[in-house]
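Structure first, then comments.
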Amino acid sequence: MWLRPNRKNFMDIFVHFKSIIVNIIADMGHGDLDCTRINTEPPRDKAHGDIATNAAMVLCKPLGMKPRDLAVKIADALAENPDVAAVDVAGPGFINIKVANGFWTTRFAQLVAEKELFGRPEKHNRKLMVEFVSANPTGPVHIGHVRGTVFGDSLSSLLEWSGYDVYREYYVNDAGGQVITLARSAYLRYCEALGDDIGAIPEGLYPGEYLKPVGQELAKKYGDKLKNLDEAEWLPLIKDIVMASMMMIIKDDLALLDVKFDNYFSERKLHEDGAIEKTLADMRQRGLVYEGSLPPPKGQLPDDYEEREQTLFKATEWGDDIDRPLIKSDGSYTYFAADIAYHRDKYLRGFKEQIDVLGADHGGYVKRLKAVVRAVSNDEAELDVKICQIVKLLKNGEVQTMSKRSGNFITLSELHAAVGKDPIRFMMLYRKNEAPLDFDYDKVTQKSRENPVFYVQYAHARVYSIMRQAKSVLAGFDVETFDFTKVDLSLLQDEAEINLMKTLLNWPKVATGAAEFHEPHRISFYLYDLASHFHGLWNKGKEMPQLRFIVDDNLELSHSRLAMVRSVAYIIKAGLDILGVDAPHEMR
RNA sequence: GCCCGCGUAGCUCAGUUGGAUAGAGCAUCGGAUUUCUACUCCGAGGGUCAGGGGUUCGAAUCCUCUCGCGGGCACCA
């Protein structure tokens, strides 16, 4: 159901060569053969050339030929192609193609011309929603939320890059009992602000200091009026104020990471405007809801368990393991019922592709949420749920523990003050989302090769350094005005140069793949690899002056190399933009 | 007990959705190097891809079982 981004302007070399091979097969008189299983891909071992294909192994059976014999026939035909420098047949019947250098430099000209936009798919009309963070509005954003925040935001950017119309949304859980707890906690701070000795914050209330300003605000607004009222009277008054205040804090925190939402969606609104009732009525009509009782949970049985008749959603019909309750024993809706209404609302707003980013502790919800989206859209919409594993914070090689009970968790603003936005964003994406992550406080601020953030940013800065150097050495050169599209790229013939260009040309494939599979970490790894190629070439110039980017007595060659160097920055910039990390021009 | 995720070099992890002799960074070992364009460079060793079975030309990748780690498991949000 997840469609591939289209790539109108980008000629994927692998797709290109596959079509060449398919044509060869047709020319051999086998145009009716099924060629879908033919792959063209980069060989794992670079010594095998640029492109490997399994065509002969896939087609040998229907043709009744030995794989190697067929491979030789195809290889001979391929050798006629002017873009092909060499072909050989290897192993069980692989065909290895070495592409002519001219092919690379021709294609590289496209990159030089399109700059940061190289390989970026056309915009299409598909809307997609990414819901992320959705932290309970009961306090500042803390370390536990950071990974999902960065992941969701970068994934959104990545999908925007690939052509989607992306909508970022934060689901505000402002309806449940925790808001009441929050209001009570604020009330205590209010009393404190009026001079009461409140002692220790009782168990079950939020102990955080961040509620003190709210208490003062309340004291300022109401004086001691609220103290003479019953809880039923002051609670609604305080609730709104403290909630608004928490959301302010959260938005400020998110701004530290340059994260902005298109919308904050209120759960409470779903209750108030009847969306949940409407959803349930709709589902009842479609036969998705019934009254029945569930088998008791296996394993440890809750103390207060009692079997009873419940209103259930037939989640099992949509791929879930068990049917799910919609109404609590006190008659109110379950959180899940609101969640159904919420995801239905997304669908009704036109989002047929949805992504939820959740924390590791919500892994158990994946199936039911997917079931919900399928059910409420009658299989017209699809949800992908991305689970972000926990982050272990390391300082001096030791794990930083935090206890939720004391409210002593490390906040985003503390982390930000210590290391800054870029290391946080980059490192949170320098791992698969479903793998646990160690975040080393000390390492991420180091200026060395060991720090991937620095390593990549430095590559970008190095490009600009080289451009500055070129300006002072080469007559008439200025990055701002120089037309790189006019240089002769065919002068770039060294293997290391060709390899760097190949790496750069691979960017569209990496980025579209990352977008397709919702895996922004591929961008970080690619950028690290690219930086490594670039730094490596720079280092080579130390030993071999003839490989330096600026060659004293050869203006033309210098210009060609500077075009290549400039292109490194185009792609790093494009990648870092997706990650939300700055691309600095210098790093002093 | 059930569901989900994970298990790859001493450590931390990649692995382009089924390709060939499984990669990178740290760490280890061996060399080079002192200002050249900017925060060192080059090389080496290191593997039962947790384990067994299966699918096929071909498996770290797909299926199945076992073991280990993490998370979750009516009515909380």
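Below, chain A is the first sequence line, B the second, and so on; all start at residue 1. Bear in mind the structure is a predicted one, so any value in this text is a computation, not a measurement.
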Taking the minimum atom-to-atom distance to the side chain of [X], which one of [options] wins?
{"X": "A:E519", "options": "B:rC6, B:rU17, B:rC13", "answer": "B:rU17"}
{"X": "A:K542", "options": "B:rC75, B:rC6, B:rU40", "answer": "B:rU40"}
{"X": "A:S448", "options": "B:rU40, B:rC3, B:rU37", "answer": "B:rU40"}
{"X": "A:K447", "options": "B:rU12, B:rC39, B:rU37", "answer": "B:rC39"}
{"X": "A:R548", "options": "B:rA14, B:rU37, B:rA20", "answer": "B:rU37"}

Base-pairing mate for B:rC11 - Watson-Crick or G-U, with both contacts under 3.5 Å:
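Check on B:rC11: paired to B:rG25, both distances under 3.5 Å.
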Side-chain N,O (A:K328) to OP1/OP2 (B:rA77) below 4.0 Å:
yes
Is any side-chain nitrogen or oxygen of A:H535 closer than 4.0 Å to OP1 or OP2 of B:rU37?
no
Please report, rounded to the nearest Å, how far the [atom2] atom of [N] is from the [atom1] atom of [X].
{"X": "A:Q446", "N": "B:rG25", "atom1": "CD", "atom2": "P", "answer": "17 Å"}
{"X": "A:L505", "N": "B:rU16", "atom1": "CG", "atom2": "C1'", "answer": "16 Å"}
{"X": "A:I38", "N": "B:rG58", "atom1": "CD1", "atom2": "P", "answer": "20 Å"}

Mind checking A:P436 for me? I need base, sugar-phosphate or nothing, with any heavy atom below 4.0 Å counting as a touch.
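Answer is sugar-phosphate: A:P436 comes under 4.0 Å of backbone atoms only.
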Verify the neighbour count for atom NZ of A:K471: are there more than 12 heavy atoms of other residues, nucleotides or ligands below 6.0 Å?
no
With ring centroids as reference points, do A:F151 and A:F132 lie under 6.0 angstrom apart?
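For A:F151 and A:F132, the ring centres are not under 6.0 Å apart.
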Is any side-chain N or O of A:N54 under 3.5 Å from a base N or O of B:rG19, one able to act as donor and the other as acceptor?
yes
Taking the six-membered ring for Trp, are A:W161 and A:W507 parallel (under 30°), tilted (30 to 60°) or perpendicular (over 60°)?
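Perpendicular: the ring planes of A:W161 and A:W507 meet at over 60°.
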Comparing A:Y430 and A:Y528 on RNA chain B - which has the more 5′ nearest nucleotide:
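Here A:Y430 is the residue nearer the 5' end.
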